[in-house]
Amino acid sequence: SDQPIDQRSPTRATTGFLTPGERSAGEQREQRGVDSDMRNTSVCGSGARSRAGAPASCSRPQWQAPLAKISTHNHLRKSRQLRAVETADEVELSSGAEGDEDFNWFYSEVGQKSLAEAMEMSVSRSDIAGLLSEMAVDYDAARLAEFMASRPTRTTSRALTIATSLGGVLSGILADYVSGRLETNTARAMQLRDTLASLGPSFVKVGQALSSRPDLLPRSYLEALSTLQDQLEAFPSHVAMALIEEELGRPASEVYSHISAEPVAAASLGQVYKGVLRSTGEQVAIKVQRPGIGEAIALDMVLLRRLMKVVDTSQDIVSQPFVPLVDEFACRLFGELDYVQEGKNCERFQSLYQHVPRVRTPGIIWEATSRRVLTMEWIDGVKLTDKAAMSDAGLDLVDFVTVGVECTLRQLLEAGFFHADPHPGNLLATREGDLVYLDFGMMSEAPENARYAIIAHIVHLVNRDYLAMCYDYYTLDFMDPSVDTTPIAPALAEFFDGILSDSTVNRLNFKSLVDGLGGVLFQYPFRVPPYYALILRSLTVLEGLALGADPEYNLLGRAYPYVAKRILTDEAPELRSSLEDLILDDGKIRLNRLDNLIREGSKSYDFDADGVWDLIQWVFSDGGSPVRKPLAREVVRIVDAYIASTARSALTGQLGKDRALQLVPESNEESVSIQRMHTLMGLLDVDEEAMRMDRVPGPSEVRALVDGIQERLRGADQRIARLLEKASTREFVLDIQFGLGQHALARGIKLVNGLSSRPN
């Protein structure tokens, strides 16, 4: 249980080691012998031991790397404990066959509870620390390879492990491809998953990244890799305390008045403790990086890059090279190792999305934060994955998922800076109703042109314009411009026409859409950008959580209001073009689409009527010229339907219903047009009585009616008055008057002919 850290003693209960008083005399004599013999043993970063005569690449022995700013007494005590552990580990590691190294040290009890200390002492050297800091800011594959080349023994051993483990799997995958079983051999997919898991945290993260790349792997592999989870145990707490002291430059007891005895959470890169900040008394979360993880990742990235370079030169299964993918992944992974950058990411996220209701991030405590220690505000909450706790707290999982869906879309489509680790464990629900985002180590950005292209792609899907979707792939950077994408259109049509036959886009299951589209992507030379793959994975995970609570949950339906609002109110030329594509069809306005945009967009929490006013202003600007003529024709149709309806009502009283219908027939969709006319009059604040006709009007009366409406609008709103003075608006009004005049003239001629032929 928790206790003040300045009262905690290095006893067996808290450290896992025996104090001198608990050891036998023989054990103490043995320990003194070990102390004098330590110069014959050094520690390599992988956790494997190297005896006297090992290459200088293993660098200085561990006892020469004391933790900075630790008191002499504490340092000597910890050094004695560490050396005792090393001796025990030495015996255990050397008990097997000669030269049989334990490369799965991350998953062994020895590796996690003992070698972690030695790893930390090795990794705390300034050379590797400086390299990791450098890689986090500016990843350089050549610089990294050059540095790791100074460790030939460890590099060679690890390379052998990776090559033998992955080589067999890759050979099997190639054989499946040749035999046509690549997409159906699920056993091979499971073999790849298990192999990556056995190789440690770096490869677990590689597998998790691959699970969202339908352009690289078939569906069976994506599903297998999506189940990869970290398997690492927590490392000893006294090692974490030593690392805190080294990183912050003072004992942990001076920074915190209280720290939990054991971590409250642990993962591959680090673990989290709950504590109390001494300076303020506030509860905090203390994230401590796993000892040695930085050097292990550095080595693995160098070796994985070498292996993929060989694969790139010898395979043609995948249409894109793997080395750039490794570089992109390594860049993000090294960034995740820098906790200072993570703190900055968190604050940037908060500044960009603080306007989104119910979205919250923890505050960063900079006075207690460094490259490998991150201290932040403690927020009480329930993980969205804990259904029982959510239910006990009276929290609606679906509600929180919907908040997460809109926030995810805003991250992608507004600022483009988004949370790139879509694990549901990184989301907390609070009793106050806030959705808390955690873990900002891995972030990504979508370029501005891609944000608009994504919305355009959605519009083209709604329109079932598959050829336009093919051209979108250039802007989205899915396809090299030199590749002709038009042959892909039939495949898109076959897939989407099948799933859209009984549904609209916003009623589709998102995962089904992604899975099906992934099958298309795998068949053609696509290269899905990392930001796009991460967003798809994030939304798929959120939908999966919601479907567990509500089988009828529809993610696309919940996401559409935000997209509709953006299309309707965003002034960016790219989105105005998307609006045209959505509402225009062969020079005609699709008012049902416009109605739907307004109805759905108004559901978004920050929908603003001023945005609609901005849309009206755009219509009468130079950019809106393609819309004005079709819109004028549609207004004519709506107003004329209303005029005809009121005139028919007047004639019914004079001539009877049948005769009135004969003289003024009811047009197709007249009832819909009348409903829209009521809506339009409400928006323009026009008195309905002013529009009512007691007889069939002629052209001059219609013109007078339009002029009267203009005058009332001028007096009602200064913005409309200024708008009516524009040449484009005057032209628009003239088009309406002319169109209504033509309809009135035609109706008048028909009425005269009808009355003259009236039976006596």
**Prompt:** Is there a side-chain contact (heavy atoms from CB on, under 4.5 Å) between Ile638 and Asp640 once you walk through the steps?
**Reply:** CA-CA 6 Å; Ile638 292 173; Asp640 184 69; over 6 Å; no
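- Note: Phe349 and Tyr437 have tilted aromatic rings, judged against thresholds of 30 and 60 degrees for the angle between ring planes.
- With Tyr221 as reference, Leu182 is the one residue of Asn185, Thr186, Leu182 to meet the side chain to side chain contact (heavy atoms under 4.5 Å, CB included) rule.
- In this structure, the side chains of Phe738 and Val636 stay at 4.5 Å or more apart for every pair of heavy atoms.
- Nearest heavy atoms, Leu661 versus Arg648: CD2-CD, 3.5 Å.
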**Request:** Walk me through it: do Leu384 and Leu435 pass the test side-chain contact (heavy atoms from CB on, under 4.5 Å)?
**Result:** CA-CA 9 Å; Leu384 297 191; Leu435 180 68; 4.0 Å; yes
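- The existence of a salt bridge linking Arg527 and Asp477 is confirmed by a sub-4.0 Å separation between a basic side-chain nitrogen and an acidic carboxylate oxygen.
- Residues Asn596 and Arg599 bring a donor and an acceptor atom of their side chains to less than 3.5 Å of each other.
- Salt-bridge annotation for Asp586 and Lys588: absent, with no side-chain N of the basic residue lying under 4.0 Å from a carboxylate O of the acidic one.
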**Request:** Before giving the answer on side chain to side chain donor-acceptor pair (under 3.5 Å), spell out for Tyr177 and Glu183 the whole-Å C-alpha distance, their side-chain angles and the decisive distance to 0.1 Å.
**Result:** CA-CA 8 Å; Tyr177 174 74; Glu183 298 182 45; over 6 Å; no
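- Residue Leu724 comes nearest to Arg730 through the heavy atom pair O-CG, 3.5 Å, listed as atom of the first residue, atom of the second, then distance.
- Contact of the Thr184 side chain with the Ser220 side chain is not registered, since no non-hydrogen atoms from C-beta on lie closer than 4.5 Å.
- In this structure, Asp434 and Val359 have side chains that are not in contact, with every pair of non-hydrogen atoms separated by 4.5 Å or more.
- With hydrogens and angles disregarded, a donor-acceptor distance shorter than 3.5 Å links the side chain of Arg593 to the backbone of Leu582.
- Ion pairing between a basic and an acidic side chain is recognised when a charged N comes within 4.0 Å of a carboxylate O; Glu336 and Lys205 show such pairing.
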**Request:** Apply side-chain contact (heavy atoms from CB on, under 4.5 Å) to Thr569 and Phe607, showing your working.
**Result:** CA-CA 9 Å; Thr569 63; Phe607 180 80; 4.2 Å; yes
**Request:** List the steps and the verdict of side chain to side chain donor-acceptor pair (under 3.5 Å) for Tyr553 and Thr402.
**Result:** CA-CA 10 Å; Tyr553 183 83; Thr402 300; 3.3 Å; yes
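- Using a 4.0 Å cut-off between charged side-chain N and carboxylate O, Arg451 and Asp570 make no salt bridge.
- Side-chain contact check for Tyr531 versus Pro447: some heavy-atom pair is nearer than 4.5 Å.
- Listed here is the closest heavy atom pair of Cys470 and Ala489: SG-N, 3.4 Å.
- Look at Asp735 and Arg633 and you find no salt bridge, because none of the NZ, NE, NH1 or NH2 atoms lies under 4.0 Å from a carboxylate O.
- Using a 4.5 Å heavy-atom threshold, the side chains of Leu575 and Leu568 count as separate.
- When the side-chain hydrogen bond (donor to acceptor under 3.5 Å, both in side chains) test is applied to Arg358, the partners found at least two apart in sequence or on another chain are Asp399.
- Here Glu725 does not pair with Arg722 in a salt bridge; the nearest charged N to carboxylate O distance is not below 4.0 Å.
- Side chains of Leu542 and Leu427 form a contact here, defined as non-hydrogen atoms less than 4.5 Å apart.
- Salt bridge absent: Arg193 and Glu223 never bring a charged side-chain N and a carboxylate O closer than 4.0 Å.
- Ring centroid separation for the pair His460 and Tyr471 does not come in under the 6.0 Å cut-off.
- Side-chain atoms of Ser444 and Arg332 include no donor-acceptor pair closer than 3.5 Å.
- With a 4.5 Å cut-off on side-chain heavy atoms, Arg537 and Ser211 count as touching.
- Salt-bridge annotation for Glu580 and Arg576: absent, with no side-chain N of the basic residue lying under 4.0 Å from a carboxylate O of the acidic one.
- Across all their heavy atoms, Ala546 and Val398 have their closest contact at O-CG2, 4.0 Å.
- Taking both residues in full, the closest heavy atoms of Leu438 and His419 are given as O-NE2, 2.8 Å, listed atom of the first, atom of the second, then distance.
- Listed for the Asp472 side chain is no donor-acceptor partner under 3.5 Å among the backbone atoms of Ala453.
- Using a 4.5 Å cut-off on side-chain heavy atoms (C-beta onward), Lys603 and Tyr560 make no contact.
- Tested against Tyr473, the residues Tyr466, Phe478, Tyr524 include a single ring-ring contact (aromatic ring centres under 6.0 Å, His included) partner, Phe478.
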**Message:** Let's go through Glu414 and Tyr562 carefully: what are the C-alpha distance in whole Å and the side-chain angles of both, what is the deciding distance for side-chain contact (heavy atoms from CB on, under 4.5 Å) to 0.1 Å, and is it a yes or a no?
**Reply:** CA-CA 11 Å; Glu414 287 183 3; Tyr562 170 74; 3.0 Å; yes
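- The nearest pair of heavy atoms linking Ser621 to Arg628 is O-NH1, 2.6 Å.
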